Protein chains: 2
Amino acid sequence: MNRKRNTTLKELAKELGLSISTVSRALNDHPDISTETKESVKILAAQMHYVPNMFAKGFRSQKTNIIGVIVSNITHLFTSTILKSILEEAEIRGYRVIISESNNNEAKQSEMLTTMSQFGVDGVLMSLARKTTYVDDALRILNRMPLVLFDKVSSKIPCTQIVINEEEAAFNAVEHLIGLGKKRIAIMKETENSYNSEKRYAGYLRALNQYGLPVDEKIILSTEDISLVQGKRLANILLSMKNRPDAIFAITDNAAIGAIKALNKFKIKIPEEIAVVGFSNSINSTIISPTLTTVDQPGDKIGRTAVKYLIEEIENPKNDLLTKTVEIKTNLVVRDSSFKA
Amino acid sequence: MNRKRNTTLKELAKELGLSISTVSRALNDHPDISTETKESVKILAAQMHYVPNMFAKGFRSQKTNIIGVIVSNITHLFTSTILKSILEEAEIRGYRVIISESNNNEAKQSEMLTTMSQFGVDGVLMSLARKTTYVDDALRILNRMPLVLFDKVSSKIPCTQIVINEEEAAFNAVEHLIGLGKKRIAIMKETENSYNSEKRYAGYLRALNQYGLPVDEKIILSTEDISLVQGKRLANILLSMKNRPDAIFAITDNAAIGAIKALNKFKIKIPEEIAVVGFSNSINSTIISPTLTTVDQPGDKIGRTAVKYLIEEIENPKNDLLTKTVEIKTNLVVRDSSFKA
DNA sequence: CTGAAAGCGCTTACAG
DNA sequence: CTGAAAGCGCTTACAG
C-alpha cells in the first residue's frame, strides 16, 4: 500500500505562494509576520493536517524535548507509578519520554545510557540497577547532559538525587512497633548494602537505641532477594527460635507478606503475638489478611520532583554540577498487622 | 557549566584526514572501503566515544526506528507486563519505544496519536481508551504508518489486532464452575459494551446454554467501573437474594477479590457455598484468602506478538491493509476459590 | 577505493 | 513584512 507522507512546510508554502521561511514563522507566531498571513497559513496547516516534524526541528535546534528514563523493572507498581507521574509531568512541560529497562543488569544500563545519548535526549532520569559499581558511563553522560537519579541512587555520581526519607521512615515504623509495647523486633533486610536497605537498617538501629532496646544479631536477618518467598523462609527461621521476636519489620512489603503467610500457617496471632510492618504500601498490603501496616512511598511525588529538577537543569544549563539530594517525605499507614486491638 | 557535545563524523574525518563520506561508510561497513581504513576509523571512533546521532540518521533516511505505544494506564500490572515485553522485543529488533498514556481519555488519545506522528515514529502500537468512538485520528495515522491494536481493540479500525481468546477463556472458566457441580452462576460484567466484556459475557452465555443451565437476568450484574469496590457491592446484592447463586464469575480479578472480601465478611464458605472465578491472574489473586481461580492472560506474549506484527508491517510496507485478528491463548489457573475440597 | 555534493525538514541571522 | 541561504549530522547516488 502507499503510505501518505506527512505534510511539510514546503508543501504549505507552495500552496500559499509564500516562502518556507514565512510559513515557518507564521506557524511559530513570529512578531514580524502579519496577522492575515498567520491566519491563512494556520488555516491551511490545519486543513492539511500539518504537524511539524520534530526530528527536523530537534535536529536543527539541537534540542529534542525528549527525556530518557532508565528503570530496572517497569512491572513493579512503585516503578510504574513513578513512570506514570514522569509521563504526566513531562508532558505538561512539553517533553516526551523514552523509557528503558535495565533489568538490574549493569551492562544493559550502560548500553541504555549510550542509546539515550544517540537519540540526543535532552536529559536522563535514572534509577540505578542493583549492585551498580561501574559509573563511568553515567559520568560521561553527565558531561553531556543533565542527569537526575531517583530511588536507587549513588553518591559516586555527582548529580541531583531524589530519594525518600528512608532512614526516618524506618525509624518511624520501628518506633510505632515500640509504641505498641513490642520489645523484640526482628528486621528482614538485604544482604548487600544497597542504599535503601542500609538506610532503613540504620533507622531500625536508631529506633532501638533511642528507646533503649537491645540489638540482637540473631533477629537481624538478611537475604539477597527480599521477596515474598524469602519473607516466608525468614519468618520460619524466626518461628523456630526459642526466644521468638514479638514483631517483624521487613524492608519490603513482599517480604512482610511472605512473613504474614508463614505466621498465618502456624496460626500465630497477628499483631498480638507478632506484629508485622512492611515498606512500600503496595496493593497487596490491603489484600492480605490481616492487612499490612506499611510505609507509603509517594511514587507520584518522586516522579514529578525528578522531572521538575531535570527540566530545570535542562533549561538553565548555566548552573554548575550540583550534588543536591532531595528527600521526599513518606507516611506510615497503620493497618491490622500492627494495630493494638 | 560547559556540556561537551557529542563527537560528529566531521570531527572524526578531520582528525583522520578523510572525507565525511568515507568515515560514514567505514562505520557502516560499506564494502567499498578498505579494511585498513575501516580499522583506523573504528578505532578512533571508539576512542572518541563516537555515537551516531540517531536524529540526523533517522531524519535523513526517513526512518526513526522508534515505535510509539499508547496505553490507557501504565500502572496496571497487565499493562506494564505487556510494555515490558514490548520494550524487550523492540530492542532485540533494533527499535526504541516511546510510551504514552491516554488515561482512558479519548481526546488525549487523539492528541497522542498526533504527537507520535510528529516524532515520525515508524509505527504505533495501541490499546484503545475505554469508550473510544471517534476513530478518525487512528485512521489518519493508519494512512501514514502501520498501526497494530492490542487488548482493547475495535473493529472500526482496519488493522492487525492482537487479542486474547476472550470468549473461549470465559467459556472455560464457567465450564470449570459447572464441572464443580455449580448450577446457578452469577456474572459480574461491565455496563458498556467493551470488546472484552462483551466477549466474556458471550462465553458465559454459551457455557450455560451448552450445559442446559437457565440464564437468569437477576444474577447478571453490570457495573460501569468493574473494580474491587464494585465487586464488593455487587456481591452484597447477590447475598441479599433469597435465591443466592452458588458461584460468581467476575470478568476482572479486582471485582472477584471484592466479592471474596464481601463473602468472607459474611463467613460464606468459598468455594463450598459460593465459588469465585476472576480474570487476569493479577498478583493479588495469590495474596487473597482463599486464593483466586482466574484466567491467566499472557501479557508477555501479547506484547511480543504485537511488536512482531508491527515491525513486520514496518519493514514490508508492500502489504495492503490487512485486518488480521490474532488470538493469544489463555489458561485457567485453578486455585482455592473454586477447588472442590 | 575515496570524495564532493545534494538533500532529509526545519529555523534563523542576514538582507531587503 | 517577506525571502534567499546556510546549516543541524548524516547517507548515498554520482563521479572519478
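For clarity, every value in this text was computed on a predicted model and none was experimentally measured. Chain identifiers are assigned alphabetically (A, B, ...) following the order of the sequence lines, protein sequences preceding nucleic acid strands; residue numbering begins at 1 within each chain.
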Problem - Watson-Crick or G-U pairs under 3.5 Å in DNA chain C, rendered as dot-bracket with [ ] for crossing pairs and | for another strand - result: |||.||||||||.|||
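- Taking A/R304 as the reference, A/E88, A/E89, A/D300 meet the side-chain hydrogen bond (donor to acceptor under 3.5 Å, both in side chains) condition, with sequence neighbours excluded.
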Exercise answer: donor-acceptor pairs, residues 146-157 of chain A side-chain atoms, under 3.5 Å, sequence neighbours excluded:
| from | atom 1 | to | atom 2 | distance (Å) |
| --- | --- | --- | --- | --- |
| A/D151 | OD1 | A/N196 | ND2 | 3.4 |
| A/S154 | OG | A/K156 | N | 3.0 |
| A/K156 | NZ | A/T133 | O | 3.2 |

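- Taking B/E327 as the reference, B/V163, B/N165 meet the side-chain contact (heavy atoms from CB on, under 4.5 Å) condition, with sequence neighbours excluded.
- Contacts classified as salt bridge (Lys or Arg N to Asp or Glu O under 4.0 Å) and involving residues 75-87 of chain B (residues at least two apart or in different chains) are given here: A/E101-B/K84.
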All N/O contacts under 3.5 Å from nucleotides 8-10 of chain D to the protein, with atom names and distances to one decimal?
| from | atom 1 | to | atom 2 | distance (Å) |
| --- | --- | --- | --- | --- |
| D/dC8 | O3' | A/Q62 | NE2 | 3.4 |
| D/dG9 | OP1 | A/Q62 | NE2 | 3.1 |
| D/dG9 | OP1 | B/R5 | NH2 | 2.3 |
| D/dG9 | N2 | B/A56 | O | 3.4 |
| D/dC10 | OP1 | B/Y50 | OH | 2.6 |
| D/dC10 | OP1 | B/N53 | N | 3.3 |
| D/dC10 | OP2 | B/L9 | N | 2.6 |

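- Among residues two or more places apart in sequence or in another chain, the side-chain hydrogen bond (donor to acceptor under 3.5 Å, both in side chains) test is passed with A/T75 by A/N73.
- A/T325 pairs by the side-chain hydrogen bond (donor to acceptor under 3.5 Å, both in side chains) definition with nothing, not counting sequence neighbours.
- Side-chain N/O atoms of A/S34 include none lying less than 4.0 angstrom from OP1 or OP2 on D/dC1.
- Not counting sequence neighbours, the partners of B/T305 by the side-chain contact (heavy atoms from CB on, under 4.5 Å) test are B/I162, B/K301, B/Y309, B/V326, B/I328.
- Annotation: side-chain contact (heavy atoms from CB on, under 4.5 Å) contacts of B/E15 (sequence neighbours excluded): B/L44.
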Identify each atom pair where a protein N or O and an N or O of nucleotides 13-16 of chain C are less than 3.5 Å apart, giving names and distance.
| from | atom 1 | to | atom 2 | distance (Å) |
| --- | --- | --- | --- | --- |
| C/dA13 | N6 | A/R25 | NH1 | 2.7 |

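- The existence of a salt bridge linking A/D32 and A/K38 is excluded, since no basic side-chain nitrogen approaches an acidic carboxylate oxygen closer than 4.0 Å.
- In this view, A/T132 and A/E106, A/Q109, A/L128, A/A129, A/V135 satisfy the side-chain contact (heavy atoms from CB on, under 4.5 Å) rule, not counting sequence neighbours.
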